[in-house]
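Input: a single structure, listed below in structure tokens.
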Amino acid sequence: MTPFDLVEPHSFEETIGLIEPDDPDVRVIAGGTALMLMMKAGVFRPRRLISMRKFASSLSGITATSSGELRIGAMTPLSALEHSPHVSRHAPVIVRTMRRLSNVRVRNVATIGGALAHADPHMDLPPVLIALGASVCVVGGAGERTIPVEDLLTGYYETALAKNELIAEVRIPAPAAARSAYCKVTTGSADDWPALGIAVTLAAGGATVKSARIAVSAATTKATRLTEAETALVGSTADDGTLKDVADIAAEEADILADGRGSASYKRELLRVYVVRAVRAAMQASGAP
Amino acid sequence: MSGGARTINLTLNGRPVSAEVKPHHNVVEMLQTQFGLFGARESCGQGLCGCCTVLVDGQPVSGCLCLAVFLDGADVVTIEHLSETGKLDPVQQAFVECGAFQCGYCTPGFVLMTKALLRQNPDPDDEQIRDYLAGNLCRCAAYPEIINAVRMAARETKAGSTG
Amino acid sequence: MAATTAPDGRAGHQVGRSLHRLEAREKVSGRAEYTHLMQLPGMLHAKIFRSTVAHGRIKSIDVSGAREVPGVYAVYTSEDVLKVIPDPYYGPAFHDQPILAVGKVHYIGEPVAVVLAADPHVAEHATQQIVAEYHELPAVFDEVEAAQNKTLVHEELRPAGTFADLKHLKGRRGTNIALDFRLRRGDVDKAFAAAAQVFEHTFRTQKVLHLALEPYASIADFRDDGVTIYSAAQGPSFVRTEIARLLRWPENRVRIKVPYLGGGYGGKLYIKMEALATAMSMLAHRPVKVALTMEEQFYTITKHPATLRIKSGIDKDGRIIARKCEVWWNGGAYADIGPRVTQKSGFTASGPYDIDNVAIDSYALYTNLTPAGALRGFGIPQLVWAYESHTDMIARALKRDPLEFRKQNLLRNGRPQATGTILKDAAIEKVLDRIADRLNWKQPVDHGTGTVRRGRGLAVALKAVISPTTSVAIVNISGDGSTTLYCGTVDMGQGSDTAMAQIVGEVLDMPAESVRIVPRDTDVTPYDMGTLGSRSLFHMGHAVRLAAEEARSKVAALRRELGEPDGSNAPLAELFLKKYGMQAGNIVGTGTYKPDYIPPDASGLTTNATPFWMVAGSGVEIEVDTETGHVRVTRLINVADVGKPINPKIVETQLSGASLMQLGFSMFEKMHIDGGQITNASLADYKIPGMHDVPRVMENETVDAIQENGPFGAKGVGELATFGVSPAIANAIDDAVGVRLTELPLTPEAVFRALRAKANKPLGRE
Amino acid sequence: MKIAGEITVAAPRDAVFQALSDAPFFASCIEGVRDLKAIDATHFSAVLETRVAYLRFNFSANVEITGLSPPEEIKAKIEGTPLGIVGRLTAAATTRLIEAGGQTVIHYEIEATLTGKLGSMGQPVLMAKAKDMEKHFTERLLAAFAAGGPGVAS
């Protein structure tokens, strides 16, 4: 790696002040796992890194509001989500997802805010958060704003964050009887990055699907909601006929890219199959982590 | 000045130490060049193989992806600590008994991961063992023997703590 | 330590003990030494600037940008290398590979220039500042296309003449064919004409990587009177010979020291980083370390991709009466050991079957890709993939039980193999029977209904060991009776140190744990041809046995000289004390082993192709998700004939590990190549098997057998369980869902496409 | 990697050919091209700056028009070297123009090879980037013609 300067401010505000929006070679580092990969590969050679480590504790932690909304500090390591009773109670799909998300060491270091800002389309958490209707609370030079996760992610490694904006918190709304599932589909080894990720959150009234959120990732350049497929599902009982339509619509709707993990046509077939499996898994989700 | 060295203080294998590190140095480099500890070693360089595993404040971390400066104030344990008394740790002993390695390059990582797993979950089932160790790779593929070793270590650790 | 001696002073049998690896303690405590981790005082780090074109003339290399980087010690290109090594080409079969590219580059990733610096970060940064210009030439990547010689990789081929088994290689011009091996037995054309049915299939294998977790590394410390090279090398003796040749020095001025290897699998054979490190140390007058990154391993050496066409004629009784095999081996830009892969695997390309008429044509080809070499099987896994898939396809087409069809045609001891060499001590049928028993073959399979279908498959294989090769060992008993073994076999995880110690212990009646193995150092350890091809236990095992036996006779002579009564069991230390009046002296035994071998004639025939036959097979049970093509291997059975195992526990781990490595090569490992560029050169994108990929049920078995001419009835193990895995799985997929895959790897997409093609709904290529 | 597609422009073929064979106009349709210099009638050099989030890649590129068959076909060869990282981008592009009832259909096919570090690890993201650039190119081209043709637009 090329040498760089490192500054370690003591507050969020100080950090934002240190960002130089016109200099892309100055960058904020949170857990650092993703950024280290870029630096080691030599594709990113920063002049200066601004570490958030010194005040990480003030920005980490998981709380649940009385209504059941989860509020997760941006610097919370993924492993904390994995072991949190709040997450286990209000968003057990996250705990289930964690088991096969990267590995223990990365989960110990990578933060939820850093992971979202990295915006790698292969990551498992973004589609799950989109399906859960999560949003991020962003702080920057222009003040505070809230962005739904589905709007935060704009492309491969690209986000809607302004250069001097940082994610401060992730909010996951109250579940309201929602059922969720995430399917990670690998085509290489079991611990490979997914060729396809698909997350589903449903609210059912009796046997009828009241609302649905479906998000696809990995096969697309960003984690993306499949709104047409959602519409097809809502109001149905998720019967075989409906699910076949949902599968076809999802396969049509998603903008799928080929890569080393599969051709676009194959990944489209995977999506067709797994959107059904994910909906069925969500219908049966017990709420256990 | 850009990239200048700085002094960090940490607890390394139970002893307070300080180290001169530059911001771009990772933990593996620091351990090797400043402390002569070679048990954590860089292989894939991407946090995927686990050869560089160290325990930071009790939690396993990929040393190749962690900047050394971030260890300022941390409690760090490397593989060398486990047999510092001259006696193998029960996890190490179980790896020997089960023949849970061939070339040995990945072994320190697997041993430290097992150590962390058993601290968190003293009685893991096979699926929990696999999940926890799925991020460590062994090209000699001694995986079946490693699972046996973790089971044995769990038994021995429990026996050791209760009796 | 569990080492014990009985009250009568006897240690008892050491051979057959499931002893823990002798170096186990060092490895679990992180203290075992590996070259990649070694440091010498004053050492410089070398970082390599690599070619970005697949084939081209070098127009210019501008290193000024790199030289300006603060902290850079020097930047060198082949111009500098030529000043110290005028003929800088090396290779075990052909002297074709330059230390740094001279005039031309032949593949993307080929070393072109080197930056030296005390700080590896500085050296790495500086390599990025080098700019080379090339005049691009047409490149060829496919082995079958290369055989047409329309695009030539090298203008001239220069054979090395180093190895006894490769003396026949010839210098050539105007061809990409480094070697063509030809075998003709009987009259295939006539037999095909007479056959009731003829089957022909073509198979392909992909480019895969050794991916040792310790990447390639060498450190050279060059002085005027000699050079010491620390290296992760599987063949220190060859490295010494080759470096001495490059330097035009006698061998005794070249010293190769080899610590433990963090995996080898055939990759760390011959010259890898040693010549480059030596040249750099010569130029810099400092010790120089060349330690690659994981990514750089993809630009160093790989397994051979191959295209295999195989044709069989069957008579009305179901006997295979003719077989014709054509194999094209994609050797990449430099031959490395490709010619040996081509020839030695050529011997058994027709499989473990008794076929009177055989024709084999095997071609080693140059292409503009990363060079290919030995990888756990010397080409055999590729061949078995083809012939055991082909055999299964014929059985199914004939509506014969695949097991029965194999048994009808199996080669049995006492019968001539394709080369004409009589099969001996090869438990092919026993291996096959044990796999079938374990699979409960007589019971029909429940293929299942719905979207998950089950199937089973098996495969069995035969390999001739590389021959003729030589091993030398020294056993040294010290004045206190403690014993040291000097042998050049490199322990890279296969447990050879432990097995050799057991052989010494067996002969000298001492606990194996008490035998010290001297670390590999060519100043100390005698010649060995190399740790490769499952040859060590047999060849070095014999050399060690002979050395220990010589020491034992010398001990017996000493007893007689000292007037000890017959059958005396006085401890060795007492003998030395009696002889020298103090704890002093040595008894040294040496052993040299080289088996007989008769080179093949012009028709590829010989009555002595190999000192022993290697036999193994695999059986699998699988599940196929018919909606996605995912295949799950639920049970993997490996059965092998290892003769009489020296260390049963280590043998089992070798079988298990080899089969899991091959499972990766079978199911998903593949180097993706675009325009000659490897596009997945990292562990993030090139996946190897992990914990979750291990089949839930794994069984490993060695059949009751003995290798009559082996040391204590034993023979080699390391490669065995790679042989049958790929075809067993493809055969099981056919069994489960009725589709046949002829190309590796067996990815979910490949299975899915085959299922869709079978259903007449082919999937688009988009 | 292969990139292929087609763009339909509401303009006669001659005008489209004229525009596409005008290097400054062509370059203006590609995001991130600067410092275009004509070396001679068929050789050009330029700097291409590509951004992916906070990552920047600068290529010094040479373009050679290897075939010009008015008004049907333009062939070009592109060679680029990334700055500060070892690598090489080579591409052969073929553009064919087909008349379709007063409109012109532009068929393009680019066979590109990216070698070195970016080629070994960055293909998926750069492939996604190429798709973006393709979209961007189409937009600019169509916008130029919608505004009355390249000459008017500038």
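Hydrogens, waters and symmetry mates play no part in the numbers below; they use all other heavy atoms, side chains included. Order of the sequence lines sets the chain letters (A, B, ...), proteins ahead of strands, with each chain counted from 1.
- For the options Leu37(C), Val694(C), Leu211(C), Asp693(C), heavy-atom pairs under 4.5 Å to chain B are most numerous at Leu37(C).
- Looking at Ala32(C), only its backbone comes within 4.5 Å of chain B, counting heavy atoms on both sides.
- For Gln93(B), no part sits under 4.5 Å from any heavy atom of chain C, backbone or side chain.
- No hydrogens or angles considered: nothing links the side chains of Glu80(B) and Asn13(B) as a donor-acceptor pair under 3.5 Å.
- Of the two parts of Ala134(B), the backbone and the side chain both hold a non-hydrogen atom closer than 4.5 Å to a non-hydrogen atom of chain C.
- Rounded to the nearest 0.5 Å, atoms OG (Ser231(C)) and CE (Met273(C)) are 9.0 Å apart.
- No side-chain donor from either of Gln234(C) and Thr531(C) sits under 3.5 Å from a side-chain acceptor of the other.
- The backbone N or O of Thr653(C) lies less than 3.5 Å from a partner atom in the side chain of Gln102(B), making a donor-acceptor pair.
- The contact between Gln46(B) and chain C is made entirely by side chain atoms (from C-beta outward), counting heavy-atom distances below 4.5 Å.
- Among the candidates Arg21(C), Gln39(C), Glu652(C), the residue making the largest number of heavy-atom pairs closer than 4.5 Å to chain B is Arg21(C).
- When each of Gly263(C), Ala658(C), Gly657(C) is scored by its heavy-atom pairs under 4.5 Å with chain B, the top score falls to Gly657(C).
- No donor-acceptor distance shorter than 3.5 angstrom exists from the side chain of Lys268(C) to the backbone of Tyr265(C), with no hydrogens or angles considered.
- Between Phe110(B) and Phe95(B), the angle of the ring planes lies from 30° to 60°, which puts this pair in the tilted group.
- Your options are Leu37(B), Asp89(B), Leu88(B), Ile147(B), and the one with the most heavy-atom pairs under 4.5 Å with chain C is Leu88(B).
- Listed by sequence position, the residues of residues 68-78 of chain B in contact with chain C number zero, using a 4.5 angstrom heavy-atom cutoff.
- Side chain of Asn647(C) to main chain of Leu19(C): a donor-acceptor pair is present (N/O by atom type, distance under 3.5 Å, no hydrogens or angles).
- Other residues, nucleotides and ligands place no more than 12 heavy atoms under 6.0 Å from the CZ atom of Arg31(C).
- Ranked by non-hydrogen atom pairs under 4.5 Å with chain B, the options Glu26(C), His36(C), Glu33(C), His210(C) are led by His210(C).
- At a 4.5 Å heavy-atom cutoff, the contact between Cys51(B) and chain C is made by side-chain atoms alone.
- The line from CD of Glu699(C) to CD1 of Ile637(C) is 4.5 Å long, rounded to the nearest 0.5 Å.
- Of the listed residues (Gly39(B), Pro144(B), Gly104(B)), the greatest number of heavy-atom pairs within a distance under 4.5 Å of chain C belongs to Gly104(B).
- Proximity to chain B (any heavy atom under 4.5 Å) is restricted, for Tyr34(C), to the side chain, taken from C-beta onward.
- Only the backbone of Leu261(C) comes within less than 4.5 Å of a heavy atom in chain B; its side chain stays farther off.
- For the set Met698(C), Met492(C), Arg696(C), the entry with the most heavy-atom pairs within less than 4.5 Å of chain B is Arg696(C).
- No side-chain donor-acceptor contact under 3.5 Å links Ser83(B) to the backbone of Gly86(B).
- Contacts between Asp126(B) and chain C at a heavy-atom distance below 4.5 Å are absent for every atom of the residue.
- Tested against Tyr216(C), the residues Thr300(C), Thr35(C), Val290(C) include a single side chain to side chain contact (heavy atoms under 4.5 Å, CB included) partner, Thr300(C).
- If you measure heavy-atom distances from Leu48(B) to chain C, the contacts under 4.5 Å come from the side chain alone.
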Q) Would Asp491(C) and Glu23(C) count as a side-chain contact (heavy atoms from CB on, under 4.5 Å) if you check the C-alpha gap in whole Å, the side-chain angles of each, and the deciding distance to 0.1 Å? A) CA-CA 10 Å; Asp491(C) 197 322; Glu23(C) 77 288 3; 4.1 Å; yes
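- Listed here is the closest heavy atom pair of Asn680(C) and Tyr686(C): O-CB, 3.4 Å.
- If you check the side chains of Glu513(C) and His20(C), you find no donor sitting under 3.5 Å from an acceptor.
- If you measure heavy-atom distances from His81(B) to chain C, you find no contacts under 4.5 Å at all.
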